[in-house]
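When reading the values below, keep in mind they use all heavy atoms of this one structure, side chains included, and skip hydrogens, waters and symmetry mates. Just follow the structure's listing: the first ligand is 1, and inside any ligand the first atom is 1.
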Amino acid sequence: MSKENIFVVEDEKNIQKLIKYNLESNGFRVSTFDNGEDLLEKCKEMTPDLFLLDIMLPGIDGLEVCRKLKENSKTNLIPIIMLTAKGEEFDKVLGLELGADDYITKPFSVIELTARIKAVLRRASRDNCTRQDTIQHDGIVIDDSRREVYKDDRIIEVTLKEYELLKMLMLNKGHVLTRETLLEKIWGYDYFGETRTVDVHIRYLRQKIEEDPNHPIYIETVRGVGYRFNDKVSTS
Ligand code: CA
């Protein structure tokens, strides 16, 4: 079995070495970069199985790197974990809005880091095994073999998490899914995030698929409970 490859961007040399040493001893291949520009350059040649991005970097910051990776069709489905310093609450949320899969707050334990990486990779591969063909409802089509979303035959660019959310809601259309359920199913029960993460991703998804995101007709909010994909949508 080939080892999973991880690209790490971290400008602090001692943290970079610590991460590399620990991940390699857990069986991963690791390439380290001192800045985001070098990482993006490398991605033109080859792509990894996962990105670990520090936020505070010389040159472009980790959030910008995340944005660029998610905009590029070569890298947009590769999971991303952000490294944030304590107190960067805003950056965490922003990172998730940009499509990062998880974040880890410094100082972190290498055990926690390894566990998070394994969990994210496991979810990514599990998701690859459970693909269906197409799921559709009133103008919204998910082509699960290509992992693409269409609205009225127009392709909609979505992040990996937005994709999983939409798929989960559409597979359960007409049924309310609680924030906790969505968080558990999509981010994993071992994810240490908050239900606000779900709201943030729903908001972004609505901006992409709803005519009027403030008055959504596809993804309904069920106050105090969660979200439901409306099975009675009629757009005609
Ligand atoms: Ca840094």
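Residue D54 approaches the Ca ion (ligand 1) most closely through its N/O/S atom OD2.
The side-chain hydrogen bond (donor to acceptor under 3.5 Å, both in side chains) contacts involving residues 168-177 comprise H137-K173, where partners must be two or more places apart or lie in separate chains.
Residues forming a salt bridge (charged side-chain N to carboxylate O under 4.0 Å, His left out) with K74 (at least two apart in sequence, or on another chain): none.
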Step by step, work out the salt bridge (Lys or Arg N to Asp or Glu O under 4.0 Å) result for K106 and E10. CA-CA 12 Å; K106 291 179 183 176; E10 169 60 78; 3.0 Å; yes

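Rounded to 10°, the angle formed at the Ca ion (ligand 1) by OD1 of D11 and O of M56 is 90°.
In this structure the side chain of I219 never reaches within 4.5 angstrom of the side chain of N230, judged on heavy atoms.
Among the backbone and side-chain atoms of E10, none of the N, O or S atoms lies under 3.0 Å from the Ca ion (ligand 1).
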